[in-house]
Number of protein chains: 2
Amino acid sequence: MLDALLSVGRRIDIGSSLSRTAAYTLATLDALGPSRVTDLAEREAVSQPAMTGLVQRLQASGHVRRDADPADGRSVLVGLTDAGRALVAERRLAYADAVARLVDRLDADEQQALQQALPALRRLTELAYEVQPMVTTTRSTHHRKESA
Amino acid sequence: MLDALLSVGRRIDIGSSLSRTAAYTLATLDALGPSRVTDLAEREAVSQPAMTGLVQRLQASGHVRRDADPADGRSVLVGLTDAGRALVAERRLAYADAVARLVDRLDADEQQALQQALPALRRLTELAYEVQPMVTTTRSTHHRKESA
DNA sequence: ACTAGATATATCACGGTGTTATGTAGTTGG
DNA sequence: CCAACTACATAACACCGTGATATATCTAGT
């Protein structure tokens, strides 16, 4: 049913040179704050070495910082830099715009059906992540008003 | 505000060792029949060299065949083998099961909202692909494609 | 028919992304 | 203290993508 339908996201492509995992990792860091490499790896469903490498590249590009964890000498706390936060915000806007451009081309009744399915879709996302609700609100700097 | 919601698909992971693009390429071949490398590349939004490489790997793994195009000596017609068709069918089932397991955990009203949004989601997918309706023919028998 | 240009695919060099296996340093508890 | 565990890094490898470019074929103008 929903089969391949949820692949829409795959076709929404924003210019940015970020990989899918990189983008989601930054978004996660924005939502959850500084996190450990292993936690990020688990959340993004990639191996720990993959996340280590990604974090290194993101650090090289200035989007994240790696700080020592005062509570555990083995651990590293990965956090967004201002540039990282800015990139997350920028991509969020670009993505929302892209989706909006698609949704605008739907009929009124289709749009309404989507609108009413939003809570279900949101829950679906939560369930897919199998973790606490993904805080999609940019609580870092400014708030974006959600329009219907 | 569908924003990150459409990322659900990203978390639905079937065991199979196919890359995202490989999986979609096989599905496309199942839906459209033998296609040229360039057409596949455009449809999957990757470069032609990337598709050439992917097709080579898929051929090596026995999932596609490459036949000469009788109408154009430069061209190659890529088509599914029986193994390729079987893999597509298998993945379709696995994916449907995974989605169903998620949807089952929604409330009845959420499920109904999703159900009613299905046409809209379908249209959204079509629009995202910006091409003719994706023939999601469930049964993977034989498909015939009218030439232009 | 010849030839210039367009087209379809392949190849090359390169870097990002992922895997498993393994190493190293820090933590934990008997 | 020391063995086991944990967090991260590294190595070796394959895959996936890019742009630049080569080769063969098709198309059209002359």
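Convention: sequence-line order gives letters A, B, ...; per-chain numbering from 1.
- A donor-acceptor pair under 3.5 Å is formed between the side chain of B:T125 and the backbone N or O of B:L121.
- Contact of the B:D69 side chain with the B:R74 side chain is not registered, since no non-hydrogen atoms from C-beta on lie closer than 4.5 Å.
- Proximity of a side-chain donor or acceptor of A:E110 to a complementary backbone N or O of A:D107 within less than 3.5 Å is detected.
- B:L77 and B:L80 are assigned to two separate hydrophobic clusters, defined by single-linkage of ILVMFWY side chains at heavy-atom distances under 4.5 Å.
- A donor-acceptor pair shorter than 3.5 Å can be found between the side chains of B:Q48 and B:T52.
- Between the side chain of A:T81 and the main chain of A:H63, a donor-acceptor pair closer than 3.5 Å is present.
- The closest donor-acceptor contact from the side chain of B:R123 to the backbone of A:R105 lies under 3.5 Å.
- Judged by distance alone, with hydrogens and angles left aside, the side-chain atoms of B:S75 form no donor-acceptor pair with the main-chain N or O of B:D72 at under 3.5 Å.
- Under the 3.5 Å distance criterion, the side-chain polar atoms of A:S35 are left unmatched by any main-chain donor or acceptor of A:V78.
- Rounding to whole angstrom units, CD of residue A:Q56 and P of D:dT10 are separated by 6 Å.
- Heavy-atom contacts of chain A under 4.0 Å fall on DNA chain C between two terminal nucleotides, which in 5' to 3' order are C:dG16 to C:dT27.
- Phosphate proximity of D:dT18 to B:Q48: absent, as no side-chain N or O sits under 4.0 Å from OP1 or OP2.
- Of the residues in residues 59-80 of chain A, those lying under 4.0 Å from DNA chain D by heavy-atom distance are A:R66, A:R74, A:S75, A:V76.
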Atom pairs, protein N/O to nucleotides 12-16 of chain D N/O, distance under 3.5 Å:
residue	atom	partner	partner atom	Å
D:dC16	OP1	B:S19	OG	2.9
D:dC16	OP2	B:R57	NE	2.5
D:dC16	OP2	B:R57	NH2	2.7

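- Look at CZ on A:R36: it is 15 Å from C1' on D:dA9, rounded to the nearest Å.
- Between B:Q111 and B:Q115, the closest side-chain pair of non-hydrogen atoms is not below 4.5 Å.
- Taking side-chain N and O atoms only, A:T38 has a distance below 4.0 Å to OP1 or OP2 of D:dC8.
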